[in-house]
Enquirer: 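Take this structure, written in structure tokens, and hold onto it; I'll ask about it next.
Just the heavy atoms: all of them, side chains too, but no hydrogens, waters or symmetry mates, feed the values below. For reference, positions follow the sequence shown, starting with 1. Just follow the structure's listing: the first ligand is 1, and inside any ligand the first atom is 1.
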Amino acid sequence: MEIQILTTFPSTSTSTFILPLSTSDALAAVNAAYQPNTDILTSFEAKHGDFMLTYLGDKKVILLGLGEEKSFARVLRAFRALSHRGQHLLKGSISIDFLNGSLDTTQTKLIEAAINGFFLGKYQIGQFKSEKPNSHPLDQLTSITLIASDAQSVAEAAQRGLKFAGTQMRILDLVNAPSNKKRPSDLANWALRSGEELGYTVEVFDKEKITALGMGALLAVNQGSIHPPTFTIMDYNPPGAQKTVCLVGKGVTFDTGGLSIKTAAGMPLMKSDMGGAAAVLGAVDMAARLKLPHRVIGLVPSTDNCVGSDAFKPSDVIPSYSGKTIEIIDTDAEGRLILADALAYATRHFQPDVMIDLATLTGSTVRTLGYTVAGLFSKNETLKDQLFKAGLEVGEKNWPLPLWDEYHEELQSDVADIKNLGTKPMAGAIVAAKFLEFFTDEHPAWAHLDIAGVAFTEMEFSKHKSATAYGVRLLVEFMENM
Ligand code: BES
Ligand code: ZN
Ligand code: ZN
């Protein structure tokens, strides 16, 4: 895809012009570049995500409402809505007019958001239908024209937006894929392909290697499954790397709950229990694509959590990579087990400056924060603040919950070093985070994001819930500001 930049408005063109407008300056923004049609402009309120096809003078124009607040997330969503719901309007050549609209082209972040949303809107969910979804008109596009004042920085921003959209769409496919099309080996293969394309190292441990290393917690969760586990290490390590970041993602390809089996109603959603892994895959891929100046290591422990004749049982005492033993109270609290091995591996093998894990870990987080905000846990105030701000900046919000040591008492076991579930049915998200902390070797800059509510939720791509690719943007934003 070629991106052409015009710094003045073309006098003749048969293109469709997209004109992003905000509520307050919708009218004022349209200047002599168009022959304003006052009736139409006053009837268009520029509500967020609204769009309207019209003619201004002899030009075919799509007015796109941004609403009042021009934030990254709002601009991204408005463009995504146009490109997804308004795809019938997008045939032929496309120009986006940032110059005569109301997006300030000095804010290149907003241009990036616009292009990201516009191309993410191509996403189609029905890949397993026998009748394939219609191809999106933007798939035929070989170039797009942006009308903007600062050609150089706008071109860069647009390229970034395109790259994010590409990776996010592949992450959406991965999270939306059902369990029978998504085994632990598929997560590993995703990483291998990304590493091959972008030239970074990826190593995949198979069951034999995982056993030899003594990753007892990952193996225990895998006991009920006929599909072997994988442990994937992605290592993007540019020359002269400034800092080392370890990202760890829960890769449970399906969570039945194991013998502590879930009820039928919500179980289909558990194909998304690898949303943390997906965020890590996408973030490392983007770090390499954007050539970030830091070493970024992605660790993805993966298995499904199934019922089988050798499935692990409540009351089992299992070993773990850290050397600590764990009493199993509930086999449905499996994510923290596979993360325990990965976090211990991260601290032992790499000396990361920062370590962040992401996991669809607890229903408790969903009840506490709902479907738009992730739970954020860290004792490192700076790290917590940076992740919080990055989340606000890119519209992948998170909110801090405490990690005080009182909560650890819930996890004391009579027979092992720790048990995998608290005694009382309370503060589930926090107690789960305390369990993870036990395996971080008191790392001074560790954060945990519980993304159970935000990884898979209502989206315009689906009638029901579907994947969001939460975390890809957030992690890259965080690493770029680090
Ligand atoms: N994968 C689930 C958490 C989850 C719930 C993710 C809802 C997405 C949406 C996790 O493994 C789990 O089963 N957690 C249990 C823990 C319980 C047994 C203590 C939960 O939160 O209900
Ligand atoms: Zn579970
Ligand atoms: Zn789970």
Enquirer: Would K250 count as a contact for the Zn ion (ligand 3), in the sense that one of its N, O or S atoms lies under 2.8 Å from it?
Expert: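 Under 2.8 Å: K250 contacts the Zn ion (ligand 3) through an N, O or S atom.
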
Enquirer: Heavy atom under 4.0 Å from ligand 1: found in V252's side chain, backbone, both, or neither?
Expert: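 Answer for V252: neither.
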
Enquirer: Could you tell me, atom by atom, which parts of ligand 1 come under 4.0 Å of a heavy atom of E334?
Expert: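 Heavy-atom distances to E334 below 4.0 Å select 11 (O).
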
Enquirer: Should D332 be counted as touching ligand 1, given the test is an N or O pair under 3.5 Å?
Expert: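 Yes: some nitrogen or oxygen of D332 is under 3.5 Å from one in ligand 1.
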
Enquirer: Check for a donor-acceptor pair, side chain of S83 on one end and backbone N or O of F118 on the other, with a separation under 3.5 Å.
Expert: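 Pair found, side chain donor or acceptor close to backbone of F118.
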
Enquirer: Of the backbone and side-chain N, O or S atoms of D255, does one lie nearer to the Zn ion (ligand 3) than 2.8 Å?
Expert: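 Yes.
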
Enquirer: Should the pair R74-E68 be classified as a salt bridge under the 4.0 Å nitrogen-to-oxygen rule?
Expert: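 Result for this pair is no, no salt bridge flagged.
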
Enquirer: By number and element, which atoms of ligand 1 are closer than 4.0 Å to a non-hydrogen atom of M270?
Expert: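 Near M270, the atoms of ligand 1 are 1 (N), 4 (C), 5 (C), 6 (C), 7 (C), 8 (C), 9 (C).
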
Enquirer: Checking side-chain polar atoms at under 3.5 Å, does W446 have a donor or acceptor matched by the opposite partner on D357?
Expert: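 Yes.
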
Enquirer: For ligand 1, is there an N or O atom under 3.5 Å from any N or O atom of K250?
Expert: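 Looking only at distances, the answer is yes, because the N/O contact criterion of under 3.5 Å is met.
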
Enquirer: Strictly below 4.0 Å, N to O, side chains only: are E334 and K250 in salt-bridge contact?
Expert: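 Yes.
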
Enquirer: Check each atom of ligand 1 against the heavy atoms of D330 and keep those under 4.0 Å away; list them by number with element.
Expert: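 Every atom of ligand 1 under 4.0 Å from some heavy atom of D330: 18 (C).
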
Enquirer: Are E480 and R160 close enough for a salt bridge, meaning some N to O gap below 4.0 Å?
Expert: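 Salt bridge: yes.
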
Enquirer: Under a 4.0 angstrom heavy-atom cut-off, which atoms of ligand 1 come close to G363?
Expert: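 Those of ligand 1 that fall under 4.0 Å from G363 are 5 (C), 20 (C), 21 (O).
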
Enquirer: Taking only Lys NZ, Arg NE, NH1 and NH2, and the carboxylate oxygens of Asp or Glu, determine whether R170 and D285 approach each other closer than 4.0 Å.
Expert: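 Looking at R170 and D285, the cut-off is met.
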
Enquirer: Taking both backbone and side-chain atoms of T362, is any N or O found less than 3.5 Å from an N or O belonging to ligand 1?
Expert: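 No: no nitrogen or oxygen of T362 is under 3.5 Å from one in ligand 1.
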
Enquirer: Note the single closest protein heavy atom to atom 2 (C) of ligand 1, along with its residue, its atom name and the distance in Å.
Expert: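 Ranked first by proximity to atom 2 (C) of ligand 1 is D255 OD2, 3.6 Å.
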
Enquirer: Suppose we only allow N, O or S atoms; which atom of D273 ends up nearest to the Zn ion (ligand 3)?
Expert: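 This residue's closest N, O or S atom turns out to be OD2.
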
Enquirer: How far is atom 19 (C) of ligand 1 from its nearest protein heavy atom, and which residue and atom is that?
Expert: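 Going atom by atom, the protein heavy atom closest to atom 19 (C) of ligand 1 ends up being L421 CD1, 2.9 Å.
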
Enquirer: Identify the protein heavy atom lying closest to atom 14 (N) of ligand 1, giving its residue, its atom name and the separation to 0.1 Å.
Expert: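 Here the closest protein heavy atom is L361 O, 3.5 Å.
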
Enquirer: Salt bridge or not for K434 and E437, using N-O below 4.0 Å?
Expert: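 Salt bridge present between K434 and E437.
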
Enquirer: Do the two ring centres, one from F231 and one from Y345, sit under 6.0 Å apart?
Expert: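 Yes; Y345 has its ring centre under 6.0 Å from that of F231.
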
Enquirer: Check the side chains of Y470 and T457 for a donor-acceptor pair under 3.5 angstrom, ignoring hydrogens and angles.
Expert: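 Side-chain D/A pair, T457 to Y470: absent.
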
Enquirer: Is it true that K109 and E477 have a side-chain N and a carboxylate O under 4.0 angstrom from each other?
Expert: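 Looking at K109 and E477, the cut-off is met.
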
Enquirer: For N/O/S atoms only: which one belongs to E334 and is nearest the Zn ion (ligand 2)?
Expert: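 Sorting the N, O and S atoms of E334 by distance to the Zn ion (ligand 2) puts OE1 first.
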
